[in-house]
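Report on the structure given below.
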2 protein chains.
Amino acid sequence: MKKREPIFSKFKKNEFESICRERGLALTIQRRAILAELAGRRDHPTPDQIYDVIKERLEGVSRTTVYRALETFVCIGIARKISNPEAKARYDADTSRHHHLTCLHCGIVLDIHDGDLNKLKLPNESERGFEVIDYSVAFTGFCGHCRSMGGIDRAVTKINPGSSHYETS
Amino acid sequence: MKKREPIFSKFKKNEFESICRERGLALTIQRRAILAELAGRRDHPTPDQIYDVIKERLEGVSRTTVYRALETFVCIGIARKISNPEAKARYDADTSRHHHLTCLHCGIVLDIHDGDLNKLKLPNESERGFEVIDYSVAFTGFCGHCRSMGGIDRAVTKINPGSSHYETS
DNA sequence: ATTCCGTTTGCAATATATTTCCATCTATGA
DNA sequence: TCATAGATGGAAATATATTGCAAACGGAAT
């Protein structure tokens, strides 16, 4: 098994702290905990998934704070709000260009790092007035867990929030 | 001005009717109207946007019916629920492989048909147990309308539902 | 360490989006 | 036309997200 680099690296932590200082944003324990949780996992969690973990450690944190902190991270450029077909917010602390696999059954979002996919020619959309900033390739399919569960009717691609599960690493 | 093929073509209509017959789904006036509306527009509407139009023509139609019909269309393969970072579902009656431009300011989703983008090599994710079914390239940026409006702070990429507007064709 | 001030938080209320329940109604085949 | 499986409408429940404000906190100056 290949050893993995921790996502909430020293680098990310320093980046966060210096950006906050530049902008006059306070380094609160809530923001630290929320960022650490977001950056420490690989499943692109929803605000509620983060809240559920955070609340065990931080007595009395509010769901509102989680929502607010995540939006703040997006605004200062240390996280992204990612697109997914569930249409609920999911966040990603990795802001480098990479791509996603979304399971059509349970909604989990996994990363793909692939050099070729990072070199797509941008379409010329200036004629339509659109300014392209970035892109990401969104793959859809079925994750290992959902494939191995018997009885999944693939015609029913409706995402089932009740059956969520996560990569165990 | 280039003439455009109507999206709710004879083909789509026949496809819908035959699939419904095969599956024992009733061809109700609600489903017909909802599909016609979805397929007739190019802006990837939310259920509410469809409802707002439909209710003028179909006295007493329920929002619930619109939600249900759209999910049904996805299940039978004649529409897709598309990925987007807003906290609401958007649907697309074009199930062929194509790609999307999403405006980071107003949330509008435009189509891109580009032959090169349709030929990406699928990543080999079978080792991780993921079965890839399809993909779509999600471009983000700013649409012509949002670019031309003065005073947009690009650092604030939060999607603003209040400023929605649509392609006039 | 203490004080001050602007930022952030928690809570409650509100807003928006979606789903569920069930009585009633309708499309469709016999 | 009739029977009936399937669909609808409307209310209510649930899920998701945002806002306003008083109290608490972080960080800089002292």
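Lettering of chains follows the sequences in order, A, B, ..., and the numbering in each one begins at 1.
Comparing Ala87(B) and Glu59(B), the nucleotide of DNA chain D nearest to each residue sits closer to the 5' end for Glu59(B). Between Thr46(A) and Arg63(B), the residue anchored nearer the 5' end of DNA chain D, judged by the nucleotide with its closest heavy atom, is Arg63(B). Each of Thr28(B) and Gly60(A) lies near DNA chain C, and the nucleotide nearest Gly60(A) is the one positioned closer to the 5' end.
With hydrogens and angles ignored, no donor-acceptor pair closer than 3.5 Å exists between the side chain of Arg31(A) and the base of dG26(D). If you check distances only, the side chain of Arg21(B) never reaches the base of dG29(C) with a donor-acceptor pair under 3.5 Å.
For the pair Leu70(B) CG and dA7(D) P, the computed distance is 15 Å after rounding to whole Å. When the P atom of dT8(D) is taken as reference, atom CG of Leu27(B) falls 11 Å away, rounded to whole Å. Whole-Å rounding puts the Ile29(B) CD1 to dG9(D) P distance at 8 Å. Taking atom CD1 of residue Ile76(B) and atom C1' of nucleotide dG6(D), one finds them 14 Å apart after rounding to whole Å. Arg32(A) places its CZ atom 16 Å from the C1' atom of dT9(C), with the value rounded to the nearest Å. We find that CD of Glu86(A) is positioned 12 Å from P of dT18(C), with the value rounded to whole Å. Separating the CD1 atom of Ile50(B) from the P atom of dT18(C) is a distance of 12 Å, rounded to the nearest angstrom. Atom CD of Gln49(A) and atom P of dA15(D) are 14 Å apart (whole Å).
Looking at the side chain of Ser62(B), the nearest of the listed nucleotides dG10(D), dG10(C), dT8(C) is dG10(D). For Thr65(B), whose side chain is taken as the heavy atoms from C-beta onward, the closest listed nucleotide among dG9(D), dT8(C), dT18(C) is dG9(D). Which of dG10(D), dT9(C), dA17(D) sits closest to the side chain of Pro47(A) comes down to dA17(D). Proximity note for Tyr67(A) (side chain, C-beta onward) versus dA27(C), dT19(D), dT18(D): the nearest is dT18(D). Closest approach to the Arg68(A) side chain among dT28(C), dT18(C), dC21(D) is made by dC21(D) (side chain taken as heavy atoms from C-beta onward).
Side-chain atoms of Asn84(B) and His100(B) form no donor-acceptor pair, as typed in the model, at a separation below 3.5 Å. Side chain to side chain, His113(B) and Asn118(B) fail the donor-acceptor criterion of an N or O pair below 3.5 Å. Side chains of Glu37(B) and Tyr51(B): a donor-acceptor N/O pair is absent below 3.5 angstrom, by distance only.
For Gln30(A), no side-chain nitrogen or oxygen approaches OP1 or OP2 of dG26(D) to under 4.0 Å.
The one candidate from Ile82(A), Val109(A), Ile108(A) that meets the side chain to side chain contact (heavy atoms under 4.5 Å, CB included) condition with Thr102(A) is Val109(A).
Nucleic acid contact class of Leu25(A) (heavy atoms, under 4.0 Å, all strands): sugar-phosphate only. Among the protein residues, Ala89(A) comes within range of the sugar-phosphate backbone only, with heavy atoms under 4.0 Å from sugar or phosphate atoms but none that close to a base. The residue Thr64(B) sits close to a base: some heavy atom pair falls under 4.0 Å.
Rounded to the nearest 0.5 angstrom, His44(B) NE2 and Arg90(B) CZ are separated by 9.0 Å.
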Inset, instruction - Determine, stepwise, if the pair Thr46(B) / Asp48(B) fulfils side-chain hydrogen bond (donor to acceptor under 3.5 Å, both in side chains). - result: CA-CA 5 Å; Thr46(B) 64; Asp48(B) 258 22; over 6 Å; no

